[in-house]
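Accompanying notes for the structure given below.
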Amino acid sequence: ASIDISGGSFLMPAADTAVYGSFERAEFDVYYYVDGVLTYTDTHKAGTAVTLRPLEVKHGHTFSYVASVEITDGKFIMPAENVRIDGEFSPNVHSIIFLDAAGGNVIFIDELEYGSQFGISDIECYREGEYTSAWTCVGGLPDGHGDDIQMPDNDVVFVATGSPTLTVGL
């Protein structure tokens, strides 16, 4: 016989009655935001192991994230609620190193973010009142780089052409 269950209750018939039920885990979403933009949404059942999507890759940048759950080794257990992961790219920072003409003494070191623009002629050298902006790149830039340079994803080294006793003034 069929029993009508409404409002979570039913009228007990005059015979034995078996009630069978089943449970399914609820599903919740994992929202991945990259630089403030919703990039991915995945759905997982509560209580299951979740592995993060592969880390984003953007040349010259480091990817980092914060999440609304504790993540260990790129994994977490899906809670019974939605999860938000906020990631962002930060430009890598590298050194630009200026050496004297002998190539051994550091005159000046600066740090620039990947992609920053700089000009070699912007660096002024003084020697006993004489001005020079003559520098030769000895590492970190391709040949024929010109004067206006975009900072690469590595350190750059320049050597002054002229006296080994130059000092730098900006």
Side-chain angles (χ1 to χ4, degrees), residues 27-44 48-79 81-170:
E27 292 183 337
F28 295 93
D29 292 325
V30 178
Y31 300 106
Y32 292 86
Y33 287 82
V34 178
D35 290 332
V37 177
L38 179 61
T39 307
Y40 307 108
T41 301
D42 294 331
T43 302
H44 300 278
T48 59
V50 176
T51 300
L52 291 180
R53 287 179 168 264
L55 292 177
E56 296 286 323
V57 176
K58 184 176 179 182
H59 182 76
H61 293 75
T62 300
F63 184 75
S64 59
Y65 64 87
V66 294
S68 61
V69 295
E70 184 176 330
I71 298 174
T72 305
D73 296 327
K75 298 179 182 183
F76 65 94
I77 301 300
M78 188 68 191
E81 62 186 17
N82 292 332
V83 172
R84 180 176 172 137
I85 299 170
D86 288 287
E88 68 178 8
F89 288 105
S90 300
N92 296 337
V93 176
H94 293 284
S95 295
I96 180 167
I97 304 164
F98 296 91
L99 303 175
D100 65 18
N105 296 317
V106 174
I107 298 173
F108 181 71
I109 296 177
D110 198 1
E111 291 187 338
L112 295 175
E113 292 182 345
Y114 168 77
S116 297
Q117 294 290 128
F118 68 97
I120 297 306
S121 62
D122 295 337
I123 308 300
E124 300 172 347
C125 301
Y126 296 93
R127 179 186 62 197
E128 298 175 12
E130 295 178 30
Y131 168 81
T132 182
S133 61
W135 297 98
T136 301
C137 180
V138 295
L141 290 176
D143 290 338
H145 53 75
D147 182 55
D148 292 320
I149 300 168
Q150 183 175 357
M151 188 65 182
D153 194 21
N154 52 262
D155 292 344
V156 178
V157 179
F158 290 94
V159 172
T161 54
S163 169
T165 59
L166 294 175
T167 58
V168 174
L170 296 175

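Asp86 contributes no side-chain N or O that, together with a main-chain N or O of Val66, makes up a donor-acceptor pair within less than 3.5 Å. Although no hydrogens or angles enter the test, the distance criterion places a donor-acceptor pair under 3.5 Å between the side chain of Asn82 and the main chain of Asp29. Judged purely by atom type and a 3.5 angstrom limit, Ser95 has no side-chain atom pairing as donor or acceptor with the backbone of Asp155. Not a single donor-acceptor pair under 3.5 Å links the side chain of Thr43 to the backbone N or O of Thr41.
No side-chain heavy atom of Phe118 sits less than 4.5 Å from a side-chain heavy atom of Asp110. Using a 4.5 Å heavy-atom threshold, the side chains of Val106 and Leu99 count as touching. With contacts defined as side-chain heavy-atom distances shorter than 4.5 Å, the pair Phe89/Val34 qualifies. Between Val30 and Met78, the closest side-chain pair of non-hydrogen atoms falls below 4.5 Å. You'll find the side chain of Ile85 stays beyond 4.5 Å of the side chain of Tyr40, heavy atoms only.
In this structure, His61 has its ring center closer than 6.0 angstrom to the ring center of Tyr114.
Contact between Pro79 and Val69 at its shortest, heavy atoms only, is CG-CG1, 3.9 Å.
Atoms NE2 and OG, on His94 and Ser116 in that order, are 10.5 Å from each other to the nearest 0.5 Å. Rounded to the nearest 0.5 Å, atoms CD1 (Ile77) and CD (Glu70) are 11.0 Å apart. Expressed to the nearest 0.5 Å, how far CG of Leu38 lies from OH of Tyr32 amounts to 11.5 Å. Atoms CG and OG1, on Asn92 and Thr62 in that order, are 3.5 Å from each other to the nearest 0.5 Å. From Leu141, atom CG reaches atom CD1 of Ile96 across 7.5 Å, with rounding to the nearest 0.5 Å.
Heavy atoms from other residues, nucleotides or ligands lying under 6.0 Å from CD of Gln117 number more than 12.
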